[in-house]
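Right, one structure below, let's go through it.
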Amino acid sequence: MVNGTRAARRRPLAAGNWKMHRTRAETVRLLKTLAARLEERRPAAADGPPVAAAGAEVVVCPPFTALGDAARALEGTGIALGAQNLHWEDEGAYTGEISAPMLVECSCRYVIVGHSERRQYFGETNETVRKRLGAAARHGLHPILCVGETWEERRAGRTKQVVRTQLTSALAGFPDGAPAGLCVAYEPVWAIGTGQAARGEDAQEVAALIRQLLAGLFGDDAAAATRILYGGSVKPDNILEFSRQPDIDGALVGGASLDPSSFAEIVERVAR
Ligand code: 13P
C-alpha cells in the first residue's frame, strides 16, 4: 500500500509558476513582499527562516531573465528557486533555449518540465519531456513533471489513459530509479487559468493513479516518497480541498502565486 496516510518523509510543497509574468525589478519586489508575508504568518514558537517555520517547502519559478535577481532576493528566506523549462543538451546551437548548467549556476533547485502550455504552444511531446527530465536529473535539478488531460479527453473518459501515457513515457528514461527529488504535478488542462478547479476527489483519484504508476516503475518506497501536487486554479479558498487528500502533497500555483498575500496563505494551508 503506497497511498493512504501521508508518508512522514513527504514534506508538503507549494510551488509558484509565474509563467511569463514579472520583470526583474518586479520580481525582487514581489519576493520581498512574499518573504514578509510568510514572516508574518510564522508560528510564535518557531525560529529559523520564515519558510522553514511554516512546515512546507516553498518554491518560486520566475521567468529566466529574473532568476539571478530572484536568487539574491531569496537568500536567507528558505524559499527555493525553480525554472519553468530547460533544454536537454548542456550547450549547443539551440537558439532561445536554456540548459541545466545555466539554471544550476542561477541557484535553481527545481525545474518545471512538460507544462501543458509548453505542450500546447511550443510543440512539447512526451519524447522531449523525457529528454528534458534526463538533463534535469544529470545536473541534480529536482523536476516538477506536469501531466494532465484536456477537457475533450476528460469528457471522452480518457483521463487515466492520458495521464498514464504522459507519466510512463516521460519516465521511461529512468530504468534504474526515479530522478532525485522528482515531483509530479497533476494539472488538468481545463482547470488552468479558468477559475474552474477540479474537484478534490477527482484530483485525488488521478493522484492515486500516479502514485500507483510510480510504484510500478520504481517500487513502493520511491512512490511513497514522491510528492504529487495538484495545479489548476488553486486559490487560498480551495487549497484545503486538495491538500487534505491523502495522495496530494501540495500545489503548483499559477495566477495566485503572483499575489504575495494569496500565495502566503496557500503556503500556510498547504503546511497544515
Ligand atoms: P493557474 O493557477 O493560474 O490556474 O495556473 C496553474 C498552472 O498552470 C501552474 O503551473
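Whatever order the structure lists them in is the order used to number ligands and atoms, beginning at 1.
- Remark: ligand 1 and K235 share no N or O pair separated by less than 3.5 Å (distance only, no angle test).
- Between G231 and ligand 1, no N or O atom pair is found at a separation short of 3.5 Å.
- Linking ILVMFWY side-chain heavy atoms closer than 4.5 Å, directly or via other members, places L13 and L74 in two distinct hydrophobic clusters.
- E105 is linked by a side chain to side chain donor-acceptor pair (under 3.5 Å) to nothing, counting only residues two or more places apart in sequence or in another chain.
- Residue contacts with ligand 1 for N17 involve side-chain atoms from C-beta outward but no N, CA, C or O (heavy atoms, distance under 4.0 Å).
- Interface of L252 with ligand 1, defined as ligand atoms under 4.0 Å from a residue heavy atom, comprises 9 (C), 10 (O).
- In terms of protein heavy-atom proximity, atom 5 (O) of ligand 1 is closest to K19 NZ, 3.2 Å.
- Under a cut-off of 6.0 angstrom, the local environment of CD in E91 is sparse, with at most 12 non-hydrogen atoms contributed by other residues, nucleotides or ligands.
- Interface of E187 with ligand 1, defined as ligand atoms under 4.0 Å from a residue heavy atom, comprises 6 (C), 7 (C), 8 (O), 9 (C), 10 (O).
- Note: Y230 and F242 have parallel aromatic rings, judged against thresholds of 30 and 60 degrees for the angle between ring planes.
- Annotation: E117 places no N or O atom under 3.5 Å from an N or O atom of ligand 1; distance criterion only.
- Other residues, nucleotides and ligands contribute more than 12 heavy atoms inside 6.0 Å of the CZ atom of R154.
- Atom CZ of R155 sits in a sparse spot, with 12 or fewer heavy atoms from other residues, nucleotides or ligands closer than 6.0 Å.
- The heavy atom nearest to atom 4 (O) of ligand 1, considering only G254, G255, G193, S257, is found in G193.
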